[in-house]
2 protein chains.
Amino acid sequence: MTLYLAPLYEDVKPLLIAIDCIIFGVQDAKMKLLIFKREVEPLAGSWSLLGSFVNFEESVDEAAERILFELTGLEDIYMEQLHCFGAVNRDPGGRVVSIAYWSLIRVDQSHLEFNVRTHESKWISIDAIPELVLDHREMVEMAISNLRERARFKPIGFELLPQEFTMVQLLKVYEAIFDHPIDNRNFRKKLLKSGLLIPLTKKDKSTSKKGSFLYKFNQETYSKLSREGYSFGF
Amino acid sequence: MTLYLAPLYEDVKPLLIAIDCIIFGVQDAKMKLLIFKREVEPLAGSWSLLGSFVNFEESVDEAAERILFELTGLEDIYMEQLHCFGAVNRDPGGRVVSIAYWSLIRVDQSHLEFNVRTHESKWISIDAIPELVLDHREMVEMAISNLRERARFKPIGFELLPQEFTMVQLLKVYEAIFDHPIDNRNFRKKLLKSGLLIPLTKKDKSTSKKGSFLYKFNQETYSKLSREGYSFGF
DNA sequence: TCAAAAGTGTTTCAGGTACACCCATGG
DNA sequence: CCATGGGTGTACCTGAAACACTTTTGA
């Protein structure tokens, strides 16, 4: 265990730094969370968030991306740093400070299933979170309120949908995030006015006989509104 | 350098964890930031945020409070965790991950001057931040936008004022936070309606011949609105 | 032809914003 | 008596919320 240290840093005791990922997705019009069977002692076999340690030669953000990638195979994912959890005894295995991140993924992404299947995992509904190891439940609760707060002013709902999607799908995502029904007409009105959607001529006929028009994001308006903030209060 | 570790944690390389504090206060109707001459190598002598390391036997939050207390003598301060900064080479002295916190203090607090004076420090206006060591400038910028965001929905303006204050003082605090002028009448109207203020019968005559009424916070409404959120968008 | 989902406008109300003058007092 | 800062009310406008029926089409 060797650390390069400036002379005056030498008497500082180092700590372990871990990452924990709160992975959200929408399934069956419900907000879901991906959890894993913990494979390392202590507490192996309990349900847990996806987590691991930060390596010495990578940044904390890189570590978060790596850990998410290693287990889900997903890259370029919407990911936000949530909070640093640093209670002294939060991990019985040692003095571990954890940086929690939350991310949004499109559940339909096909390669997800494959990578995840090698580990025991499951999607759970965020309104019925089972017991989780350590302080993971606290992390999840903070992440949920962070997600909702963020979703009110940044158009992140799109991160949960495929490239092309219908108005109804988008509405259902927001209903899932905020966990309450949203008025159909007001929703359409507001989103069409926002300029976030580019209407396509294609229709998706998988859910109705009439079929419903597909849209894609206007990436430009998206980044503009992400920066400036836009009220999605429904 | 000894760490108690569960067997499977043994091959993890530990890192140093530091705290950096972004300390805001209002002076002369301007938002100010407290900075310090750095006393340790590397980079001793440059301007820096207040910072130090997390001890092995204290939580990260406790460390932040301790560090703020040691240098300013202030306790029970509004303090919020900002972000974990974890770039690999952010500190030339070693691999140091820093957890940044920002806090709001009442500049008039008399004991502050005393404690701070033993170290070289100064208040600077947030629209003219000088060069700071490491990534401290980035921290400050993130803290400012975090502060503004927070101030829009949580009544934190009060944290910057003494127990009893005038409407004009409160207005000036918000003008300082948002850095733009606010309409006097609309401001009063909204705040009086909010129930956050308890009007006193006393007047402060220090700034005008007529004198202006003093108010104090309604702690109950304050915590209620802190929880629920309240739009302070001016 | 009918069941099932998609799509469409108007009215109401609350809150935000803009704006200009009188008041009280000490010097 | 006047200069200085404190205090007050109204009109307008925008955006949010509530609300019910018509359209399309495959089975």
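Here the straight-line distance linking atom CG of Asn184(A) with atom NZ of Lys189(A) works out to 10.5 Å at 0.5 Å rounding. Atom OG of Ser52(A) is separated from atom CZ of Arg66(A) by 5.5 Å, given to the nearest 0.5 angstrom.
Aromatic ring centroids of Phe232(A) and Phe178(A) lie 6.0 Å or more apart.
In this structure, the CG atom of Asp183(A) is 14 Å from the C1' atom of dA6(C), given to the nearest Å. If you measure from atom NZ of Lys172(A) to atom C1' of dA6(C), you get 12 Å, rounded to the nearest angstrom. Between the C1' atom of dA6(C) and the CE atom of Met167(A) lies a distance of 11 Å, rounded to the nearest Å. Distance, Leu191(B) CG to dG15(C) P: 15 Å, rounded to whole Å. Note: CZ (Phe232(A)) to P (dG15(D)) measures 15 Å, nearest angstrom. Rounded to an integer number of Å, the gap from CZ of Phe178(B) to C1' of dT17(C) is 16 Å. Between Gln169(B) atom CD and dG6(D) atom C1' there is a gap of 13 Å when expressed in whole angstrom units. Going from atom CZ of Arg185(B) over to atom P of dA20(C) covers 8 Å, rounded to whole Å.
A salt bridge does not link Glu131(A) to Arg137(A): none of the charged nitrogens lies less than 4.0 Å from a carboxylate oxygen. Ion pairing of Glu220(A) with Arg227(A) is absent here, as no side-chain N (NZ or NE/NH1/NH2) approaches a carboxylate O to less than 4.0 Å.
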(request) Applying ring pair (Phe, Tyr, Trp, His ring centres under 6.0 Å), run through Trp102(B) and Tyr78(B) and close with a yes or a no. (result) CA-CA 8 Å; Trp102(B) 58 269; Tyr78(B) 184 91; 5.8 Å; yes
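Within 3.5 Å, a donor on the side chain of Lys189(A) pairs with an acceptor on the base of dT10(C), or the reverse.
Closest approach to the Asn184(B) side chain among dA6(C), dA17(D), dT8(D) is made by dT8(D) (side chain taken as heavy atoms from C-beta onward). For Lys190(B), taking side-chain heavy atoms from C-beta onward, the closest of the listed nucleotides dG16(C), dG9(C), dT17(C) is dG16(C).
Between the side chains of Glu175(B) and His180(B), no donor-acceptor pair is found at a separation under 3.5 Å.
Of the residues in residues 205-215 of chain B, those lying under 4.0 Å from DNA chain C by heavy-atom distance are Lys205(B), Lys209(B), Lys210(B).
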